[in-house]
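Accompanying notes for the structure given below.
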Amino acid sequence: VALCEAEAAPPAHSGPGAVEPRFNWKLFCQFLRPHLLVLGAAVVLALGTALVNVQIPLLLGQLVEIVAKYTRDHVGSFLTESRNLSTHLLILYGLQGLLTFGYLVLLSRIGERMAADMRRALFSNLLRQDIAFFDAKKTGQLVSRLTTDVQEFKSSFKLVISQEGVTLCDQWTVGWPPGGQTCGLGLGLRSFTQVAGCLVSLSMLSTRLTLLLMVATPALMGAGTLMGSALRKLSRQCQEQVARATGVADEALGNVRTVRAFAMEQREEERYGAELGGSRSKAEELGRGIALFQGLSSIAFNCMVLGTLFIGGSLVAGQQLTGGDLMSFLVASQTVQRSMANLSVLFGQVVRGLSAGTRVFEYMTLSPCIPLSGGHCIPREHLRGSITFHNVCFSYPCRPGFQVLRDFTLTLPPGKIVALVGQSGGGKTTVASLLERFYDPTAGMVTLDGQDLRTLDPSWLRGQVIGFISQEPVLFGTTIMENIRFGKLDASDEEVYAAAREANAHEFITSFPEGYNTVVGERGATLSGGQKQRLAIARALIKQPLVLILDEATSALDSESERLVQEALDRASAGRTVLVIAHRLSTVRGAHQIVVMAHGRVCEVGTHEELLKKGRLYSELIRRQALDAPPPETPR
Ligand code: ADP
Ligand code: MG
């Protein structure tokens with residue numbers, strides 16, 4: 001078996017020593033490929049905008065030249081002389097607006113489609129992960145990758161191409177850490193073209209001034225990049241911290257009943273507050289860094305304007321440059337300055353986008369150890385439903401040092417009911433999880449009709465062979481009908497009714513005003529425990545499973561619902577291979593075989609009478625429960 005990433009990863013979040021995942025360019029290209037044509041068009045439009053922008057300062061300079069001429073000597077008509085130029089400028093402005101509109105539309109189209117594709121792919125891959133993966137992760141953190149990180153990545157992507165304030169505005173902070181060595185000057189096409197174009201046109205005006213510009217700007221950029229790389233790390237930590245805070249909030253809101261029942265609102269508030277405080281101070285630190293950077297760059301760029309004016313002015317005074325040329329220079333150097341500033345903001349955004357993208361792609365490429373499907377199915381007519389655990393050892397991936405099952409051997413004969421009893425925490429549910437193939441055994445194997453479960457198709461196994469009913473049934477927040485149909489998507493209404501009858505649920509369902517169309521609330525919160533359990537039984541029975549696992553199915557219920565549920569379970573158990581897990585021994589008396597577990601091993605096997613006669617563990621358990629159980633006059 002290949003080394004599994006989920007297993008290899010430490011259970012907690014990655015510490016400082018962990019290898020930083022890298023941005024997956026290959027995957028990114030895959031997402032980009034369907035949009036290449038549109039992207040090409042957007043890039044062309046953006047380049048066009050930049051080219052138009054280059055033209056504008058030159059024309060403005062000429063206009064100023066005309067104005068200057070008229071301030072010196074007032075002959076001729078200013079209007080006729082400037083009309084051509086003004087019309088030209090107006091056309092360029094219009095063109096610029098049109099092009100900007102065009103490429104922004106195209107970009108948002110690409111961005112949104114890519115984001116949706118990425119979310120879909122990430123969600124689908126998350127759903128495919130091993131159960132062990134979810135043992136180690138908080139749902140809130142996973143959800144934050146689906147939402148915040150994809151959003152962040154999309155914004156950066158759009159910004160890289162468009163470089164516009166429009167995109168900046170939908171960021172919650174304008175201007176993120178600038179710098180980062182991973183992105184070259186080639187990004188931010190528009191700015192780059194603008195800068196290059198301006199430099200060319202400026203060098204035609206004055207080489208000396210252009211040289212000054214060309215030396216000063218990259219020097220400033222370099223300094224900014226250095227600062228940026230420090231801020232980049234901070235930004236990543238910041239994102240992780242935000243995800244942690246989301247995780248805490250998600251947990252508390254998702255389990256609000258428990259929080260309420262323990263009056264733990266304040267503690268949850270504090271927990272959330274603490275995580276929030278962490279992310280706030282990180283973000284503030286980041287903000288200070290950014291502020292410092294922007295303050296410094298503002299000073300630097302203003303000094304450049306002053307320098308241009310100063311040197312340019314002396315050139316004008318020495319008659320080496322006309323006033324109009326100087327004007328062109330100033331406007332152009334403003335453009336360069338703005339573009340450079342944008343580029344440095346962009347650098348930061350790219351960095352942030354890359355780290356968000358890394359987080360998104362990380363879970364997109366993670367492959368589970370236990371695939372969802374693949375392997376063969378045993379045809380229904382050959383299926384007997386005999387299950388054997390052969391010397392199974394098992395420890396949970398997130399707690400590798402702790403062995404839950406040791407050399408566990410057990411056979412479930414076809415069509416018989418086997419009860420598994422033992423102390424709480426003894427590993428009974430673990431046995432059921434191995435049978436469902438939520439995990440694979442560390443050693444030994446589990447077989448169905450003599451075939452190793454690892455060679456069988458897991459989806460077929462879970463979807464058609466095994467019905468699993470647990471102590472805490474989880475329903476989805478939709479109608480009763482759909483909840484039952486969850487067990488078999490193509491079931492007809494008649495099949496749903498039949499399953500509900502078999503599960504003793506039909507009566508209470510039809511007593512609701514909306515019957516089968518009643519919406520059960522999130523996680524089935526609007527139903528009683530017994531009702532939920534009977535719906536869960538109906539959901540399991542509708543797939544007509546050959547093997548039934550009942551993990552403490554009645555232990556959370558009051559005695560009246562227990563009777564109803566037990567009745568349904570007894571009916572459902574007939575003719576199936578059944579594994580009943582229970583700690584209340586009275587419920588397993590009728591089993592064909594009772595297996596007593598302790599310390600991860602099978603200790604005793606036999607029928608109720610045989611085990612009582614043996615007078616060992618089982619009879620001890622019976623004796624203890626009899627003491628605990630009904631008579632109120634025997635206090636412990
Ligand atoms: P039982 O169902 O008999 O009460 P379980 O099979 O649920 O016991 O648990 C057996 C042992 O495995 C317990 O010590 C429990 O703490 C541990 N355990 C259960 N589930 C997990 C899990 N997902 N990850 C790590 N350890 C677990
Ligand atoms: Mg259990």
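In listed order, ligands and their atoms are each counted from 1. Quick caveat: nothing in here was measured; it's all calculated off a predicted structure. Numbering starts at 1 and runs along the sequence shown.
- If you check which protein heavy atom lies closest to atom 15 (C) of ligand 1, you get R399 NH1, 4.1 Å.
- Side-chain atoms of N391 do not come within 3.5 Å of backbone N or O of G444 as any donor-acceptor pair.
- With ligand atoms numbered from 1 in the order given, ligand 1 contributes 23 (N) to contacts under 4.0 Å with heavy atoms of Y439.
- Aromatic rings from Y497 and Y516 are positioned such that their centres are separated by under 6.0 Å.
- Between F394 and Y396, the distance separating the two ring centers is shorter than 6.0 angstrom.
- Of all protein heavy atoms, the one closest to atom 3 (O) of ligand 1 is K428 N, 2.8 Å.
- Ring pair F31/F153: centre-to-centre distance not below 6.0 Å.
- When only interatomic distances are considered, the shortest N/O to N/O separation between G427 and ligand 1 falls below 3.5 Å.
- Nearest protein heavy-atom contact of atom 19 (C) of ligand 1 is Y396 CE1, 3.4 Å.
- Checked by atom type and distance alone, the side chain of R534 pairs as donor or acceptor with a backbone atom of N504 at under 3.5 Å.
- Looking only at distances, no side-chain donor or acceptor of E436 sits under 3.5 Å from a matching main-chain atom of G467.
- For atom 2 (O) of ligand 1, the nearest non-hydrogen atom of the protein is T429 OG1, 2.6 Å.
- In this model, no donor atom of one side chain and acceptor atom of the other lie less than 3.5 Å apart for R563 and Q566.
- For ligand 1, the atoms sitting less than 4.0 Å from at least one non-hydrogen atom of Q423 are 3 (O), numbered in the order shown with element in parentheses.
- Remark: side-chain polar atoms of R462 are not paired, donor with acceptor, to backbone N or O of F468 under 3.5 angstrom.
- If you number the atoms of ligand 1 from 1 as listed, the ones under 4.0 Å from a heavy atom of V404 come out as 10 (C), 11 (C), 12 (O).
- Short contacts between ligand 1 and T430, defined as distances under 4.0 Å to a heavy atom of the residue, involve ligand atoms 5 (P), 6 (O), 9 (O), 10 (C).
- At a cut-off of 2.8 Å, Q471 does not coordinate the Mg ion (ligand 2) through any N, O or S atom.
- Nearest to atom 23 (N) of ligand 1 among the protein's heavy atoms is D135 OD2, 3.1 Å.
- Those atoms of ligand 1 that come under 4.0 Å of a heavy atom in F402, given as number and element, are 14 (O).
- Ligand-side atoms of ligand 1 in range of G426: 1 (P), 3 (O), 8 (O), range being under 4.0 angstrom from any heavy atom.
- For the pair C398 and ligand 1, the shortest N or O to N or O distance does not fall below 3.5 Å.
- Counting only distance, with no hydrogens or angles, the side chain of N255 and the backbone of E251 share a donor-acceptor pair below 3.5 Å.
- Ranking the protein heavy atoms by distance from atom 4 (O) of ligand 1 puts G425 N, 2.6 Å first.
- Taking 4.5 Å as the limit, every side-chain heavy atom of K543 sits out of range of all side-chain heavy atoms of Q464.
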